[in-house]
There are 2 protein chains.
Amino acid sequence: MQQSTEEKILAAAAKVFMEKGMAGARMQDIADEAGINKALLHYYFRSKEKLFDEIFKEVSGQLLPRLNQIIESDISLFDKIWAFCQEYISRMVENPYLPLFIVEETNKQQGAFLERHLGNKRLRLDKLAQQVQQEVARGTIKPIHPLELFLTIISMCAFPFLGKPLLQHMSGMNDDMFNAMMEARKSEVPKFIINAIKK
Amino acid sequence: MQQSTEEKILAAAAKVFMEKGMAGARMQDIADEAGINKALLHYYFRSKEKLFDEIFKEVSGQLLPRLNQIIESDISLFDKIWAFCQEYISRMVENPYLPLFIVEETNKQQGAFLERHLGNKRLRLDKLAQQVQQEVARGTIKPIHPLELFLTIISMCAFPFLGKPLLQHMSGMNDDMFNAMMEARKSEVPKFIINAIKK
DNA sequence: AATTTTGTTAACCAAATGGTTAAACACCGT
DNA sequence: ACGGTGTTTAACCATTTGGTTAACAAAATT
């Protein structure tokens, strides 16, 4: 095992926190998952809260920069919608627990939490907003508020991972079928959105 | 107070479970919220799990039938999309914790859970699917898999409530602005979807 | 080689938590 | 007034849980 103890803990904590959430995760679960003693957890990370913060920072710090990079890039609006959906869905297929983890904790943790973790690296929508307004003015797309467009994009990309159990229950879909559907949605979603807004 | 003790408990439990989830909710919280002794909780509902089941049943049993009624009704596909979005968003504005509650618990609880609670009253998409296929055949809408369309509709309606804290953090939106936005989305979402699929 | 520092563990602790018990209370028909 | 029935409570219990301690092993430093 090349992994240092700290890395083992972080990997184990990420897994357990993402599966069970902050409230449902047990320090013992994390210790077991990491194959170490519970006391060693507290040796590396003083408290559950500190460890959780570390994981949340790591996890959100991994995703947001990549999305920001796309959102602020110089490509055309339609290309940007494509790139965003592709990247977002690809990341979530790799890590299907992520959307629920983020959504759950941003809803449950107290106000200061979001500021602490995302204060510096929040998504910058300025450029996207500018592009939308340009295209509206130019008459290539129907009038739409940039934030609404963004919300729609992220809704279509993220929600399927949140509603997966319900969806599977309703349709009898297994995991492979779900993944195949999400693979298809990497292009279906941007096509759908562009169809909806283009004149 | 006209409310019986059992009603007080159910109301308190619904509030606490929806705010904190099964794992995060404390029996003492529920007792406090109901203004009663903790032992009285166990007198009415033997265990936390039993109480939780009761709440989940009540909450999901309230929403699904109304949606089913719309989904299985005899109106046209486009009208159905309108009615569904209006109804869904209206219900969620009344009870903004509901989407997170359902999504969270369907993801966290074990497999049998969904079957126990939704086995009988799952959404029936047959009629909607039939309508979509008809419209596709008739050439009024672009080819789309009915389940994908349904997933898109529910994504656009539900996700904003899940991502609300993130959205507010990103855009500086307050609660009133958020509610105004969702009010607008009652018509923006169906318009968007119909724009995307109609030929 | 001796010693200090770092990593690791078993045993322990206090608080929190779900659940129980036995007694008190309130209401009701007799 | 009395007994019975369902309701409510304070006190209690066992287990779980986050966290600590003290002893021990393994490196690292001298």
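Naming convention: chains lettered A, B, ... in sequence-line order (proteins, then strands); numbering from 1 in each chain.
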Would you work out how much the helix from dA1(C)-dT30(D) to dT30(C)-dA1(D) bends between its ends, with each end axis defined by five base pairs, to 10 degrees?
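One end axis against the other gives 20°.
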
Which part of the nucleic acid, if any, lies within reach of F45(A) when heavy atoms closer than 4.0 Å are counted: base, sugar-phosphate only, or nothing?
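Here F45(A) touches no strand at all.
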
Enclosure of [X] [atom1] (heavy-atom neighbours >12, cutoff 6.0 Å):
{"X": "Q69(B)", "atom1": "CD", "answer": "no"}
{"X": "D74(A)", "atom1": "CG", "answer": "no"}
{"X": "F101(A)", "atom1": "CZ", "answer": "yes"}
{"X": "E94(A)", "atom1": "CD", "answer": "yes"}

Contact under 4.0 Å: H42(B) side-chain N or O vs dT20(C) OP1/OP2:
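No, because none of the side-chain N or O atoms of H42(B) sits under 4.0 Å from OP1 or OP2 of dT20(C).
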
Looking at dT8(C), I'd like to know if its phosphate oxygens (OP1 or OP2) sit under 4.0 Å from a side-chain N or O belonging to T5(A).
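Yes, such a contact exists.
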
Taking the basic N atoms (NZ, or NE/NH1/NH2) and the acidic carboxylate oxygens, is any pair closer than 4.0 Å for E105(A) and K108(A)?
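Result for this pair is no, no salt bridge flagged.
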
Would you call E33(B) and K15(B) a salt bridge, using N to O less than 4.0 angstrom?
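Judged by the 4.0 Å cut-off on N to carboxylate O distance, E33(B) and K15(B) do form a salt bridge.
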
Round to a whole Å and report the spacing from [atom1] of [X] to [atom2] of [N].
{"X": "D32(A)", "N": "dT17(D)", "atom1": "CG", "atom2": "P", "answer": "11 Å"}
{"X": "F52(A)", "N": "dG18(D)", "atom1": "CZ", "atom2": "P", "answer": "14 Å"}
{"X": "L41(B)", "N": "dT9(D)", "atom1": "CG", "atom2": "P", "answer": "10 Å"}
{"X": "I9(B)", "N": "dT8(D)", "atom1": "CD1", "atom2": "P", "answer": "8 Å"}
{"X": "K48(A)", "N": "dT20(D)", "atom1": "NZ", "atom2": "C1'", "answer": "18 Å"}

Taking only residues at least two apart or on different chains, which pairs with a member in residues 130-146 of chain B satisfy side-chain hydrogen bond (donor to acceptor under 3.5 Å, both in side chains)?
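For residues 130-146 of chain B: K80(B)-Q131(B), E135(B)-T140(B).
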
Calculate, to the nearest 0.5 Å, the distance between atoms CD1 and SG belonging to I193(A) and C85(A) respectively.
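One gets 4.5 Å once the value is rounded to the nearest 0.5 Å.
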
CD-CG distance between Q62(A) and L98(A), expressed to the nearest 0.5 angstrom:
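So the gap between those two atoms works out to 8.0 Å.
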
Restricting to side-chain hydrogen bond (donor to acceptor under 3.5 Å, both in side chains), what partner residues turn up for R46(B), sequence neighbours left out?
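None.
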
Using the six-membered ring of F78(B), assess whether NZ or CZ of K198(B) lies under 6.0 Å from its centre and within 45 degrees of the ring axis.
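Because its charged atom misses either the 6.0 Å distance or the 45° angle limit, K198(B) does not stack over F78(B).
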
Can you sort out which residues in residues 23-30 of chain A have a heavy atom within less than 4.0 Å of DNA chain C? Ascending by number, please.
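When residues 23-30 of chain A is checked for heavy atoms under 4.0 Å from DNA chain C, there are no hits whatsoever.
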
Output one line per pair: protein atom, nucleotide atom from nucleotides 22-28 of chain C, and distance, for all N/O pairs under 3.5 Å.
none

Polar side chain donor-acceptor pair, R66(A) to S90(A), under 3.5 angstrom
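Per modelled atom types, R66(A) and S90(A) side chains form no pair under 3.5 Å.
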
Taking only nitrogen or oxygen atoms into account, show me every contact under 3.5 Å that the protein makes with nucleotides 9-15 of chain C, one pair per line with its distance.
unit_1, atom_1, unit_2, atom_2, d
dT9(C), OP2, N37(A), N, 3.2
dA10(C), OP2, N37(A), ND2, 3.2
dA10(C), N7, N37(A), ND2, 3.3

What about F56(B) and F17(B), are their ring centers closer than 6.0 Å?
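No: the rings miss the under 6.0 Å criterion.
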
